[in-house]
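Each remark here refers to the structure printed beneath this line.
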Amino acid sequence: MKIKVLSLFPEILEAYFSASIMKRAVAKGLVSYELVDIRDYAYDRHRKCDDEVFGGGAGMLMKPEPLDRALEAAGSPALRTIYVTPSGRLFNQAMAADFAREENLVILCGRYEGIDQRIIDTRVTDEVSIGDYVLSSGEVAAMVVVDAVYRLIPGVISGESLAEESFSSGLLEYPQYTRPEEYATMHVPEVLVSGNHAAIARWRLKASLVKTLAYRPELLHTIDLSSELGRLLKEVIDGGGENEPRTADSGGTGADRPARI
Ligand code: SAM
């Protein structure tokens with residue numbers, strides 16, 4: 001996949017693209033990237049990219065001309081072009097999977113009060129919000145989108161890791177533990193060290209349901225209550241046994257934990 005990110009501050013993005021898993025994906029040829037400085041497409045010698053908003057109001061807006069030229073050069077709108085904006089569609093895993101199927105992605109970062117609507121109308125294919133809050137600029141949001149997308153490209157990380165993550169099954173991920181088995185008087189839930197794979201799988205599924213029910217109940221609406229998963233969900237709703245998983249709010253996930261102060 002080739003990713004082009006257009007920004008007034010491309011240096012914010014450089015560190016992200018040249019470290020860790022992204023660095024390896026680039027080295028393996030799975031991802032290539034280009035960071036475009038929108039100011040390079042400004043007309044005047046001051047490289048001005050913002051102006052006052054028609055109709056009045058506080059703040060400045062990104063001007064259409066530099067954006068239009070930069071997006072034209074990047075291949076928009078023929079290539080999938082995402083403008084990250086709080087007034088876009090809420091980003092989720094399904095969108096990330098959809099974007100991951102593209103060979104090219106162009107991502108536009110806003111600043112100030114955002115960008116001139118005519119650019120959205122003519123060059124942008126997707127307006128994407130990463131959450132119901134307002135950031136000061138689009139670079140962090142662009143990194144969120146890129147990060148969720150590129151790890152889904154085959155070969156970037158193992159398929160097994162992806163399969164068990166939150167949202168891949170429609171549920172939040174179950175709690176996980178590593179060595180030591182006892183830490184600060186807290187024990188790993190017994191079933192996880194039992195070697196009983198069927199019992200472990202059941203515990204994990206139930207723990208996922210407990211967590212999803214507590215934090216994101218709306219994700220459970222599509223579960224068929226007559227299915228095995230539906231039966232487990234009913235058990236969770238009716239209240240688990242002593243060794244059943246629980247959320248942090250209800251005193252932990254099943255591991256022994258000291259009382260909270
Ligand atoms: N005036 C805009 C509004 O109320 O919708 C907010 C502009 S914000 C201060 C500046 C830029 O940050 C936006 O153009 C966008 O690129 C980025 N941004 C801020 N919050 C975001 C969010 N939740 N998701 C995606 N991008 C965001």
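Every number for a ligand or one of its atoms is a count from 1 in the order of the listing. FYI, side chains are in, hydrogens and waters are out, and symmetry mates aren't considered; it's all heavy atoms of this structure.
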Sort out the contact shell of ligand 1: every protein residue with a heavy-atom distance below 4.0 Å, listed by chain and number.
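Residue list for ligand 1: Tyr83, Val84, Thr85, Pro86, Gly110, Arg111, Tyr112, Glu113, Gly114, Val128, Ser129, Ile130, Gly131, Tyr133, Val134, Leu135, Ser136, Ser137, Gly138, Ala141.
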Within a strict 4.5 Å, meaning less than it, do heavy atoms of the Arg151 and Leu162 side chains meet?
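In contact.
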Any side-chain heavy atom of Asp40 sitting closer than 4.5 Å to one from Arg47?
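When only atoms from C-beta onward are counted, Arg47 and Asp40 do touch, with a gap below 4.5 Å.
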Can you list, by chain and residue number, the hydrophobic cluster partners of Tyr174 when the side-chain cut-off is 4.5 Å?
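Taking Ile, Leu, Val, Met, Phe, Trp and Tyr as members, Tyr174 stands alone, with no cluster partners.
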With clusters built from Ile, Leu, Val, Met, Phe, Trp and Tyr whose side-chain heavy atoms come within less than 4.5 Å, directly or transitively, what are the remaining members of the cluster of Phe54, listed by chain and number?
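Members besides Phe54: none; it forms no cluster.
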Does any N or O in the side chain of Arg69 come within less than 3.5 Å of the main-chain N or O of Tyr41, such that one atom is a donor and the other an acceptor?
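Pair found, side chain donor or acceptor close to backbone of Tyr41.
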With Phe167 via ring-ring contact (aromatic ring centres under 6.0 Å, His included) - residues at least two apart:
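So Phe167 forms no ring-ring contact (aromatic ring centres under 6.0 Å, His included) with any residue.
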